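Below you'll find the structure, written out as structure tokens, and then a few comments.
As a basis for the values below, the full set of heavy atoms in this structure was taken, side chains included, without hydrogen atoms, waters or symmetry mates. Quick caveat: nothing in here was measured; it's all calculated off a predicted structure.
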Amino acid sequence: MTFFLTYDAGAAHRYKPDIAALRRAPARIVPAAGQTSGDTWPRHSAMALAAQLGMDLQEFPGNHSGPMFRPRAFSKRLRAVFEETDSSD
């Protein structure tokens, strides 16, 4: 954590995504956050990205560690999100 706070956190907070490029991207972008991530910077970032892209924020079980601690629930939700976005194309 010390390394991240010393060398990476500042860069992560200063990063500004190229929204126009993301809109043109051939890959599907799904802004998402953990249901229990609360009032955190990663969740706020995902919410802002979703708003800028004109998309809904998708929620997944748990927080950022949902895939590790709730793998079945996470994979079930991931599959549902993939199926939702596939049917909207």
Side-chain angles (χ1 to χ4, degrees):
M1 185 59 121
T2 301
F3 183 89
F4 173 75
L5 293 174
T6 303
Y7 300 102
D8 293 337
H13 282 267
R14 287 187 305 274
Y15 176 73
K16 303 285 187 217
D18 183 343
I19 299 301
L22 292 175
R23 287 187 178 129
R24 292 189 309 270
R28 180 177 295 132
I29 297 171
V30 181
Q35 291 169 329
T36 60
S37 58
D39 189 28
T40 62
W41 177 77
R43 182 179 187 81
H44 287 269
S45 298
M47 291 170 62
L49 178 63
Q52 289 182 24
L53 293 175
M55 304 172 82
D56 293 330
L57 179 72
Q58 299 296 319
E59 291 195 324
F60 285 80
N63 53 28
H64 69 277
S65 59
M68 286 190 317
F69 294 110
R70 306 210 43 217
R72 287 187 185 101
F74 184 89
S75 62
K76 182 179 178 182
R77 178 65 182 134
L78 183 61
R79 181 169 298 195
V81 167
F82 284 159
E83 290 170 356
E84 289 169 14
T85 56
D86 279 343
S87 65
S88 67
D89 289 341

Rounded to the nearest 0.5 angstrom, the CE-CZ distance for Met55 and Arg23 is 10.5 Å

Could you measure the distance from the CE atom of Met47 to the CD atom of Gln52? Nearest 0.5 Å is fine. 12.5 Å

Shortest non-hydrogen separation from [X] to [Y] and the atoms involved:
{"X": "Phe60", "Y": "Ala32", "value": "CE1-CB, 3.5 Å"}
{"X": "Leu53", "Y": "Pro31", "value": "CD1-CG, 4.4 Å"}
{"X": "Glu59", "Y": "Arg77", "value": "O-NE, 2.8 Å"}
{"X": "Gly38", "Y": "Arg43", "value": "O-CD, 2.9 Å"}
{"X": "Leu49", "Y": "Leu22", "value": "CD1-CD1, 3.8 Å"}

Within the 4.5 Å heavy-atom criterion, are Lys76 and Arg70 side-chain neighbours or not? no

May I ask you to check whether over 12 heavy atoms, not counting those of His64, lie within 6.0 Å of atom NE2?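 No.
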
Is Thr36 reaching over with its side chain to a backbone N or O of Gly62, donor-acceptor style, under 3.5 angstrom? yes

Cluster overlap Leu78 with Leu57, hydrophobic side-chain contacts below 4.5 Å: no

According to the ring pair (Phe, Tyr, Trp, His ring centres under 6.0 Å) rule, which pairs have a member within residues 3-23, sequence neighbours left out?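 Only Phe3-Tyr7, His13-Trp41 qualify under ring pair (Phe, Tyr, Trp, His ring centres under 6.0 Å).
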
